[in-house]
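Reading through the structure tokens given below for one structure.
FYI, the numbering just counts along the sequence from 1. Order of listing sets the numbers, starting from 1, for every ligand and every atom in it. Given the structure is predicted, the values throughout are model-derived calculations rather than measurements.
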Amino acid sequence: MITMDDIIREGHPALRKVTEKVEIPPREEDKRILEDMLEYLKNSQDEQVCERYGLRPGVGLAAPQINVNKRMLAVHFTDLNDKFYSYGLFNPRIISHSVERTYLSSGEGCLSVDREVPGYVPRYRRVTVKAVDLEGNEVKLRLKDYAAIVFQHEIDHLHGIMFYDHIDQEQPFKEPENAKPADA
Ligand SMILES: CC(C)(C)[C@H](NC(=O)Nc1cc(F)cc(F)c1)C(=O)N(CC(=O)NO)CC1CCCC1
Ligand SMILES: [Zn+2]
């Protein structure tokens, strides 16, 4: 199982690499890694398991965060409208997005960042994501608000981008243009 010891932290060069696309159909080894990533998220949200193994509760995890240079991510969360998302995805890509943007009024954190980095992280309010799921099926997801934020945060990791790269250094809490908070 994946524990916090397997999650690399900022400063590790693997977090700044652009990941390699995964061969489709996915090999058993790649499926195993992605299943382990999804299992981490489930474990981290289970009070007993989280406590026993000292896990940080997470809603999403990208392969670079466990030092795997492959384009895959896992998400496991319920959004603010109680819609449930639980996916292991290969080669996810944003195929279209809104002009309108959104952000979390509380800012963002990251399982690979052991410090607070204050500031709004502007993201697209709506994104359409295409990917291949753990069963090898092509999926097309239309996401908005919190769900769109989680997926963009994870897809950023696949391109070596950290959430704080998006924060306006001069005015971290300036209202982003053409945006409304996802958690208002
Ligand atoms: C970094 C951390 C603060 C742990 C963040 N969690 C989070 O935002 N809320 C959360 C987590 C739970 F498990 C249960 C719950 F109710 C609330 C998170 O998982 N990530 C994932 C990550 O680091 N992926 O690389 C960061 C989020 C910031 C915005 C989207 C994902
Ligand atoms: Zn992260």
Could you list each N/O atom of ligand 1 together with any protein N/O atom closer than 3.5 Å, one pair per line with the distance?
from     : atom 1 : to   : atom 2 : distance (Å)
ligand 1 : 19 (O) : V59  : N      : 2.9
ligand 1 : 23 (O) : L111 : N      : 2.8
ligand 1 : 24 (N) : G60  : O      : 3.1
ligand 1 : 24 (N) : H153 : NE2    : 3.4
ligand 1 : 24 (N) : E154 : OE1    : 3.1
ligand 1 : 24 (N) : E154 : OE2    : 2.6
ligand 1 : 25 (O) : Q65  : OE1    : 2.8
ligand 1 : 25 (O) : Q65  : NE2    : 3.1
ligand 1 : 25 (O) : H153 : NE2    : 3.2
ligand 1 : 25 (O) : E154 : OE1    : 3.0
ligand 1 : 25 (O) : E154 : OE2    : 3.4
ligand 1 : 25 (O) : H157 : NE2    : 3.0

I'd like to check the salt bridge (charged side-chain N to carboxylate O under 4.0 Å, His left out) partners of R126; sequence neighbours left out, ordered by chain and number.
E100

Hits for salt bridge (charged side-chain N to carboxylate O under 4.0 Å, His left out) against K174, two or more places apart or cross-chain, chain-then-number order -> D168

Which protein atoms of type N, O or S are found under 2.8 Å from the Zn ion (ligand 2)?
C110 SG, H153 NE2, H157 NE2

Run the salt-bridge test on E29 and R32 with the 4.0 Å N-O cut-off and return the result as yes or no.
no

Between Y103 and L80, is there a shared hydrophobic cluster once you connect ILVMFWY residues whose side-chain heavy atoms come closer than 4.5 Å?
no

Please verify the inter-ring angle class for F77 with Y85; under 30° counts as parallel, over 60° as perpendicular, anything in between as tilted.
parallel

Parallel, tilted or perpendicular: which one describes the rings of H157 and H153, with boundaries at 30° and 60°?
perpendicular

Looking at H159 and I161, would you say the former's side chain and the latter's main chain have a donor-acceptor pair under 3.5 Å?
no

Do we get R101 above Y120's six-membered ring, with its NZ or CZ under 6.0 Å from the centre and within 45° of the axis?
no

Answer with yes or no after comparing the ring centroid distance for H76 and Y87 against a 6.0 Å cut-off, counting only values under it.
no

